[in-house]
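Reading through the structure tokens given below for one structure.
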Amino acid sequence: MAPPTLKKRREFLWVRNGRRHSAAAFVLEARPRQNVAGANAEARFGYTVSKKVGGAVVRNRVRRRLRALTAALAPEQTLPGFDYVLIARSAAVERDFTALKNDLDVALARVHQPSGQKRRGSKNP
């Protein structure tokens, strides 16, 4: 079953100021909601596919693929009370679904990493 979605522009703008990770086919943005309790604590997703990706048919196909990705997530991969936005890139049209799934798994792990934790391979000491 697909997770709840973000609908309003202000919700998308709120998430924009959170953590972000870029992958080949999309950018994942994540931010915890404020004043969340009980039943409203479920993670929500928003999807953005611009005209740069393609025409209406292509954009709708990419949006359906992104929704299928989030529907296939295990509950422990997302944090309750978080909002996520997937911003599609043109590579999302041709990319294999398993590669998209792997990219999303990595992106979710990265946005949930504590801020002070250094990444492996970082050039800054």
message: Which heavy atom of Ala43 sits nearest to which heavy atom of Pro4, and what is that distance?
response: O-CD, 3.5 Å

statement: In short, Ala24 meets Ala91 closest at the heavy-atom pair O-CB, 3.4 Å

- prompt: In Å, rounded to the nearest 0.5 Å, how long is the span from CZ of Phe12 to CD of Glu29?
  reply: 10.0 Å

- prompt: Between CH2 of Trp14 and CD of Glu11, what distance do you get to the nearest 0.5 Å?
  reply: 11.5 Å

query: Roughly how far, to the nearest 0.5 Å, is the CZ atom of Arg65 from the CZ atom of Arg95?
result: 10.0 Å

field: Side chain proximity check, Leu73 to Lys101, heavy atoms < 4.5 angstrom
entry: yes

message: Less than 3.5 Å apart, any donor N or O on the side chain of Tyr84 or Thr70 sitting next to an acceptor on the other?
response: no

message: Any carboxylate oxygen within less than 4.0 angstrom of a Lys/Arg side-chain nitrogen, looking at Arg31 and Asp83?
response: no

task: Let me see the working for Leu66 and Val62 under side chain to side chain contact (heavy atoms under 4.5 Å, CB included), right down to the final yes or no.
output: CA-CA 6 Å; Leu66 294 178; Val62 169; 4.3 Å; yes

message: Any side-chain to backbone donor/acceptor pair from Arg59 onto Gly54? Under 3.5 Å, distance only.
response: yes

message: Is the shortest side-chain heavy-atom distance between Ile87 and Arg89 below 4.5 Å?
response: no

task: Spell out, yes or no, whether Val58 and Phe97 are grouped together once hydrophobic residues are joined by side-chain heavy atoms under 4.5 Å, including indirect joins.
output: yes

- prompt: In the single-linkage hydrophobic clustering (I, L, V, M, F, W, Y; side-chain heavy atoms under 4.5 Å), do Leu79 and Leu69 co-cluster?
  reply: yes

field: Side-chain touch Val85/Arg16, heavy atoms, less than 4.5 angstrom
entry: no

task: Please tell me if the side chains of Leu104 and Leu86 come closer than 4.5 Å, counting only heavy atoms from C-beta onward.
output: yes

field: Ring geometry between His112 and Phe82 (parallel below 30°, tilted from 30 to 60°, perpendicular above 60°)
entry: perpendicular

query: Taking atom CZ of Arg110 and atom CG of Leu28, what is their separation to the nearest 0.5 Å?
result: 11.5 Å

- prompt: For the atom pair CG (Asp103) and OG1 (Thr98), what is the distance rounded to the nearest 0.5 Å?
  reply: 9.5 Å

message: Using every non-hydrogen atom in the two residues, find where Ser22 and Val27 come nearest and quote the distance to one decimal.
response: OG-CG2, 3.9 Å

message: Just to verify, which of Thr78, Val15, Leu6 counts as forming a side-chain contact (heavy atoms from CB on, under 4.5 Å) with Arg44?
response: Leu6

